[in-house]
Visitor: 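First the structure, then my questions, so here it is.
Numbered from 1 within each chain, the chains take letters A, B, ... in sequence-line order.
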Amino acid sequence: MPELPEVEATRRHLEPVVVGRVIESADVRRERMTRRHENLRDFADRVAGRRVESLGRRGKFLLGLLEGDITWVTHLGMSGRLAVARPGEVEAPHTNVVIRLSGGYEVRMVDPRTFGFMAAWTPAEMDEQFGGRIGRDALDDLPTTAELAGSLGGRTAPIKALLLDQRVVSGLGNIYADEILHRAKIRPDRPGGSLTRAEIGALRAAVRPVLEAGLRHGGTSLGDLAYMLPDGRAGEYLHRLAAYGREGEACRRCGGIIERVVIRSRSSHWCRGCQT
DNA sequence: AACGATCCCTGTTGGC
DNA sequence: TGCCAACAGGGATCGT
């Protein structure tokens with residue numbers, strides 16, 4: 001499932017391939033993939049002919065800065081991945097967008113469920129799309145404990161829902177939110193405003209180690225549908241998860257049984273033994 | 001403003 | 001065995 005570590009792993013694989021190269025053309029096979037543009041041709045027209053100056057990331061968004069102040073934005077949704085290939089190589093099913101680069105490379109976006117998208121935005125459009133909607137990055141720009149306390153104070157929504165709210169912190173999804181809460185020993189259904197300063201500190205302290213562990217192991221791959229690295233390898237973090245997907249299994253820390261509950265229509269996994 | 005529900009989409013899974 | 005409903009989930013949007 002592409003969350004921050006998977007997007008960052010993708011960014012690191014792609015960076016040496018795309019930076020400095022020119023986008024010769026973009027082939028959008030499924031119009032839904034560029035649905036954030038009102039005019040369907042806008043995406044391909046805007047990226048064509050521009051050199052990629054850098055490849056960055058904010059939360060789960062991959063941001064290619066193109067010459068002429070256009071940002072090539074990719075969000076992988078829940079089933080998207082990017083693959084690097086040579087023209088003519090066999091395409092994976094659900095190859096929905098192909099970006100052709102100078103030097104004989106292609107970046108292919110494969111996304112069966114089409115929750116992901118690509119866009120090409122001007123600086124004004126970037127402000128419009130990100131301003132107020134996408135918060136500070138959970139890895140590179142994590143808010144301080146005091147700042148988090150400000151975001152959580154008075155909130156009645158469950159802390160799990162607040163961690164998934166990209167305005168609070170950007171980059172966390174269902175898997176890593178469960179892992180972070182487990183590491184911090186906090187129940188997912190606790191109202192955000194009920195957390196003590198010490199608990200918020202523990203929560204903050206859990207974010208980086210969990211995300212870095214995910215990144216170190218190449219991300220989390222669930223079955224053959226989901227996330228893969230651009231070189232086709234599956235991430236290995238699935239086997240190291242402490243909470244997510246381990247319903248009924250023993251907690252690795254205290255031996256308690258991991259439970260699954262539904263919060264905001266999302267499954268949450270937690271240990272009654274050590275998360276309070 | 002905050003919160004919760006609903007929708008989009010399709011491969012996989014589980015029940016009958 | 002085969003069919004079909006349920007499920008998974010990020011983010012936009014809408015109603016309360």
Visitor: Quick check on B/dG11: is either OP1 or OP2 less than 4.0 Å from any side-chain nitrogen or oxygen of A/His94?
Guide: yes
Visitor: I need the CG-C1' distance between A/Asp165 and C/dG10, as an integer number of Å.
Guide: 12 Å
Visitor: Using the rule salt bridge (Lys or Arg N to Asp or Glu O under 4.0 Å), only one of A/Arg190, A/Arg204, A/Arg187 pairs with A/Glu199; which is it?
Guide: A/Arg190
Visitor: When you measure only distances, ignoring hydrogens and angles, does the side chain of A/Arg155 come within 3.5 Å of the base of B/dA2 through a donor and an acceptor?
Guide: no
Visitor: Tell me which nucleotide among B/dC9, C/dG9, C/dA12 gets nearest to the side chain of A/Arg36.
Guide: C/dA12
Visitor: Could you tell me the separation between the CG atom of A/Leu164 and the C1' atom of C/dG10, rounded to a whole number of Å?
Guide: 9 Å
Visitor: Do A/Arg108 and A/Thr95 pair up side chain to side chain, a donor and an acceptor below 3.5 Å, judged on atom types alone?
Guide: no
Visitor: NA contact type, A/Ser265, heavy-atom cut-off 4.0 Å: base, sugar-phosphate, or nothing?
Guide: base
Visitor: Rounded to whole Å, please give me the gap between CD in A/Glu3 and P in C/dA8.
Guide: 15 Å
Visitor: Report yes if a side-chain nitrogen or oxygen of A/Arg167 is closer than 4.0 Å to either non-bridging phosphate oxygen (OP1 or OP2) of B/dA2; otherwise report no.
Guide: no
Visitor: Can you measure A/Arg133 atom CZ to C/dG10 atom P for me and round it to whole angstrom units?
Guide: 17 Å
Visitor: Would you kindly give the NE2-to-P distance between A/His269 and C/dA8, to the nearest whole Å?
Guide: 8 Å
Visitor: Look at the side-chain N and O atoms of A/Arg32 and state whether any lies under 4.0 Å from the OP1 or OP2 oxygen of B/dC9.
Guide: yes
Visitor: Please determine whether ring pair (Phe, Tyr, Trp, His ring centres under 6.0 Å) holds for the pair A/Tyr244 and A/Tyr176, giving the CA-CA distance in whole Å, both sets of side-chain angles, and the decisive distance to 0.1 Å.
Guide: CA-CA 8 Å; A/Tyr244 184 85; A/Tyr176 291 96; 9.1 Å; no
Visitor: If hydrophobic clusters are built from ILVMFWY residues whose side chains come within less than 4.5 Å, do A/Leu82 and A/Val73 share one?
Guide: no
Visitor: Cation-pi check for A/Tyr105 against A/Arg86: NZ or CZ below 6.0 Å from the six-membered ring centre and within 45 degrees of the axis, yes or no?
Guide: yes
Visitor: From the list C/dG10, C/dG11, B/dC3, which nucleotide is the closest neighbour of the side chain of A/Thr156?
Guide: B/dC3
Visitor: Do you know which of A/Arg266, A/His269, A/Lys160, A/Glu3 makes side-chain hydrogen bond (donor to acceptor under 3.5 Å, both in side chains) with A/Asn174?
Guide: A/Lys160
Visitor: Can a side chain N or O of A/His75 be found less than 4.0 Å away from OP1 or OP2 on C/dG11?
Guide: yes
Visitor: Does the ring of A/Phe115 lie flat against the base of C/dG11, closer than 5.5 Å centre to centre with planes under 30°?
Guide: no
Visitor: Under 4.0 angstrom, heavy atoms only, what part of the nucleic acid is A/Arg30 near: base, sugar-phosphate, or nothing?
Guide: sugar-phosphate
Visitor: Is any side-chain N or O of A/Gln166 closer than 4.0 Å to OP1 or OP2 of C/dG11?
Guide: yes
Visitor: Between A/Phe117 (CZ) and B/dC9 (P), how many Å, whole number?
Guide: 15 Å
Visitor: Whole-Å distance between C/dG9 P and A/Leu172 CG?
Guide: 15 Å
Visitor: Send over the distance from A/Asp189 CG to B/dC3 P, rounded to a whole Å.
Guide: 15 Å
Visitor: When you measure only distances, ignoring hydrogens and angles, does the side chain of A/Arg266 come within 3.5 Å of the base of C/dG10 through a donor and an acceptor?
Guide: yes
Visitor: Go through C/dA8, B/dG11, B/dC3 for me and flag the one nearest to the A/Tyr244 side chain.
Guide: C/dA8
